[in-house]
Structures are given as structure tokens and as C-alpha cells.
2 protein chains.
Amino acid sequence: MLKISELAAKIGLSTHTLRFYEKHGLIHASDRSEAGYRYYNHADVRRAEFVKTARNIGFSLQDISQLLSIRVDKHSHSCQDVTDITQHKLNEVNTKLAELQSMQQTLQILLDSCCGGPENATHCSIMEALEESEDRNQLVAGNVK
Amino acid sequence: MLKISELAAKIGLSTHTLRFYEKHGLIHASDRSEAGYRYYNHADVRRAEFVKTARNIGFSLQDISQLLSIRVDKHSHSCQDVTDITQHKLNEVNTKLAELQSMQQTLQILLDSCCGGPENATHCSIMEALEESEDRNQLVAGNVK
DNA sequence: TGTAACCTTAGAGTTAACTCTAAGGTCAAC
DNA sequence: GTTGACCTTAGAGTTAACTCTAAGGTTACA
Ligand SMILES: [Zn+2]
Ligand SMILES: [Zn+2]
Ligand SMILES: [Zn+2]
Ligand SMILES: [Zn+2]
């Protein structure tokens with residue numbers, strides 16, 4: 001039986017975060033001392049580790065909540081239920097990746113265009129590019145080869 | 001002279017957002033009618049477009065604030081000032097890209113491992129992978145070839 | 001018996017960038 | 001002269017995932 005700070009140390013989350021997760025139904029302590037101290041048994045620890053692993057992968061707490069309901073009753077859920085959640089997350093990630101790649105490309109183009117030197121910015125090509133309104137300039141990702 | 005809804009339509013932001021940007025010092029209306037209506041002149045519009053372009057690229061409002069101070073006094077700032085902001089943003093983007101790419105890889109591995117079928121999840125390899133605590137499994141980005 | 005290091009709860013604060021509401025004033029057109 | 005579409009402000013609400021605080025109770029150890 002672990003106390004909350006021991007669980008926190010074991011899985012690498014703060015006690016604050018563990019209580020926060022409990023408040024949101026992700027974990028819980030099966031036992032309490034007379035004084036109300038939380039005590040985590042082996043199953044509690046494994047569930048907390050599951051949460052930590054899922055969070056490290058990038059699942060949201062809401063995703064994790066769904067994964068946990070599958071976990072407690074695997075017989076009532078299918079592999080498809082699991083891949084639905086995973087695929088949905090992957091789609092999100094891919095969308096954000098595309099946005100960031102577009103930003104990366106644009107920023108790199110801007111940096112390549114500017115001398116970056118110490119003289120004044122009256123001739124700066126980055127500033128000039130930002131003056132161009134969106135539909136006129138070359139900065140939009142789609143316009144970049 | 002444009003009224004706020006006209007400016008909003010012209011550059012594709014809501015009037016709420018324009019007022020929000022004003023509150024944060026990014027834009028402003030040079031004139032007001034007797035009743036207090038905002039009126040934007042040509043320079044105001046160009047500044048608002050600058051903000052919109054920078055925001056579309058992905059700069060934060062704080063970044064944009066810095067870019068605007070350069071913009072109003074280019075003689076007191078250097079190209080390096082501009083590239084510093086841009087490079088800093090690019091570094092941020094690259095960091096987030098790396099995180100997302102790691103997530104993408106992990107999610108793809110998970111999806112590839114699961115049958116995704118309609119039978120129950122007692123044998124699900126995704127669930128099994130999530131049961132493995134971080135330091136024992138193959139899901140960490142660095143561990144993936 | 002004292003004290004340091006724990007533990008409890010409820011609830012407020014943080015961050016970014018909006019987004020919306022309430023309550024009211026203004027304006028152009030019919 | 002009355003709609004309806006606009007405009008104003010201050011300020012509250014949204015989202016996610018924490019993060020921290022206050023005020024107090026508990027426990028292990030010397
Ligand atoms: Zn230069
Ligand atoms: Zn430059
Ligand atoms: Zn299966
Ligand atoms: Zn499966």
C-alpha cells in the first residue's frame with residue numbers, strides 16, 4: 001500500500017496531479033487510513049501507470065477516460081473501440097503536424113530571406129513580407145513549392 | 001475610414017477579436033465618431049493586416065507585439081532583432097514538431113499492432129502496450145527505430 | 001513532547017487567445 | 001417614428017491540464 005507521495009515518486013507525477021486525476025475520475029485509492037490518507041494498492045498503481053503511459057503518448061485526459069472504461073470491462077468492448085480512439089488521436093496529431101510544418105516552412109523562408117545583420121530594419125525582407133496581405137504574398141504554405 | 005465591422009469583414013477577423021487586439025495594444029482606431037464609433041484609416045488597416053498576417057503565420061500575440069514595435073520604428077531596430085524573434089519562433093515550432101512526430105510514430109505503431117476488429121478487447125495489443133509502464137515498453141520515441 | 005514532514009479539503013489561479021453577454025446608445029431606411 | 005442592424009463598455013466564460021494556497025490534522029522519530 002503506497003501513500004500518495006510514494007505513488008507520486010514511483011510514477012513521476014506530483015501529488016497535486018494525482019489528486020487532480022482522482023477528481024476527474026481517472027484514478028482512485030482503494031483504501032483510506034482512519035485519518036483519511038489515501039492508500040494505493042497494486043491495482044490502483046497499475047491503473048495510475050496506465051494513465052501515465054497514455055498521457056506520455058499524448059492522449060488527452062478525456063481520451064484516457066475512455067480507454068479506462070474499456071480497460072475495466074474489456075469483454076464489453078472491441079478492438080475497434082480501441083482503434084477508433086487511437087485513430088482519432090492520430091488524425092488530430094496529423095492535422096497539427098501539417099499546421100506546424102507549414103509554419104516551419106514559412107519561418108524558414110523568412111529567415112533565409114533576411115540578412116540578420118546589425119544594420120537597421122528599414123530594408124528588412126521579413127518586415128516587408130509581413131506587410132504583404134495574405135492573399136498577395138508567397139508565405140502561405142500552399143504557395144510554397 | 002472603415003467602421004469596425006467593415007474592417008472585420010475586410011481582413012477576416014471578428015469585431016470581438018479586433019477589440020480584443022486593441023485592448024492588448026496590437027491595433028487601434030485613429031478616429032472615433034462623436035458617438036464613440038471606431039473609424040480605421042488606411043494606416044490602421046495596414047497595421048491590422050500586418051497583425052493578421054503574422055498571426056496566420058503562427059506568431060503569438062506577444063511576438064506580434066514585438067514585431068509591431070520594430071515596425072513603428074525600423075530605424076531603431078536591426079535585422080537581427082527581427083531574425084531573433086523569427087528564429088525563436090522557429091525553435092518553438094521545431095520542438096513541438098518533434099513531440100508530435102514522436103506521438104504520430106507511437107500512435108501508428110499502436111494502430112498497426114491492433115486488428116481493429118469487432119471481437120472483444122481482452123486480447124487487444126494496444127491495451128497491452130498501455131499496460132506496460134514507460135521504461136519497459138517500446139513506445140517511447142527514442143526506442144523506435 | 002516537540003518538530004518536521006507528511007496528509008486532508010475546497011477552492012482559487014495560471015495560460016493563450018479568444019468568445020460571449022448584458023445593458024444600453026446610434027443610425028439609415030422606409 | 002419605428003424597425004433592425006449597427007455600435008459602445010465592462011466584465012464574465014471557455015478550454016485543458018494542471019498548479020498552488022490556506023487552514024488545519026497526522027505521524028514518525030528523537
Ligand atoms: Zn538586413
Ligand atoms: Zn531583415
Ligand atoms: Zn483485436
Ligand atoms: Zn486491439
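Every chain is numbered from 1, with letters handed out A, B, ... down the list of sequences. In this text, all values refer to a predicted model and were calculated from it rather than measured experimentally.
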Whole-Å distance, A/I64 CD1 to D/dA17 P, equals 8 Å

Only pairs at least two apart or in different chains count here, so list each salt bridge (Lys or Arg N to Asp or Glu O under 4.0 Å) that has a residue in residues 11-22 of chain B. B/E22-B/R32, B/E22-B/R38

Whether the B/S76 and B/D73 side chains hold a donor-acceptor pair (N or O, under 3.5 Å, no angle test) is what I'd like checked. yes

Apart from B/V72 itself, residues in the same hydrophobic cluster as defined by side-chain heavy atoms under 4.5 Å: none

Given a 3.5 Å cut-off on both pairing distances, which stems involving DNA chain D, each at least three consecutive Watson-Crick or G-U pairs, are present, if any? C:1-30 with D:1-30

Given atom CD of A/Q62 and atom C1' of D/dA17, what is their separation to the nearest angstrom? 13 Å

According to ring-ring contact (aromatic ring centres under 6.0 Å, His included), does anything in residues 58-86 of chain B pair up with another residue at least two apart or in another chain? List the pairs. none

Measure from CD1 on A/I4 to C1' on D/dT27 and round the result to the nearest Å. 17 Å

Are any of B/R38's side-chain N or O atoms less than 4.0 Å away from OP1 or OP2 of D/dC7? no

Does A/S65 have any side chain to side chain contact (heavy atoms under 4.5 Å, CB included) partners at least two apart in sequence or in another chain, and if so, which? A/L26

Any donor-acceptor pair under 3.5 Å linking the side-chain atoms of A/D63 with those of A/S60? yes

Contacts of A/Q87 that satisfy side chain to side chain contact (heavy atoms under 4.5 Å, CB included) - sequence neighbours left out: A/L90, A/N91, B/L111

Donor-acceptor list for residues 3-14 of chain A side chains, cut-off 3.5 Å, not counting sequence neighbours:
residue : atom : partner : partner atom : Å
A/E6    : OE1  : A/K3    : N            : 2.7
A/S14   : OG   : A/H16   : N            : 3.4
A/S14   : OG   : A/T17   : N            : 3.0
A/S14   : OG   : A/T17   : OG1          : 2.9

Nearest-Å distance, CD (A/E6) to C1' (C/dC7)? 12 Å

Taking only residues two or more places apart in sequence or in another chain, which ones pass side chain to side chain contact (heavy atoms under 4.5 Å, CB included) with B/F50? A/M127, A/L130, A/E131, B/L67, B/L68, B/R71

Using a cut-off of under 3.5 Å, enumerate the N/O to N/O pairs linking the protein to nucleotides 25-28 of chain C.
residue : atom : partner : partner atom : Å
C/dG25  : N2   : B/Y37   : OH           : 2.7
C/dT26  : O4'  : B/Y37   : OH           : 3.2

Only pairs at least two apart or in different chains count here, so list each salt bridge (Lys or Arg N to Asp or Glu O under 4.0 Å) that has a residue in residues 91-119 of chain B. B/K89-B/E92

Atom OH of B/Y40 and atom P of D/dC6 are separated, to the nearest Å, by 16 Å

Among C/dA17, D/dC18, D/dC6, the nucleotide that comes nearest once only the side chain of B/L61 is considered: C/dA17

Which residues end up grouped with B/M1 if you chain together Ile, Leu, Val, Met, Phe, Trp and Tyr wherever their side-chain heavy atoms are less than 4.5 Å apart? B/Y37, B/Y39

Do any of residues 10-32 of chain B sit with a heavy atom less than 4.0 Å from DNA chain D, and if so which? B/R19, B/R32

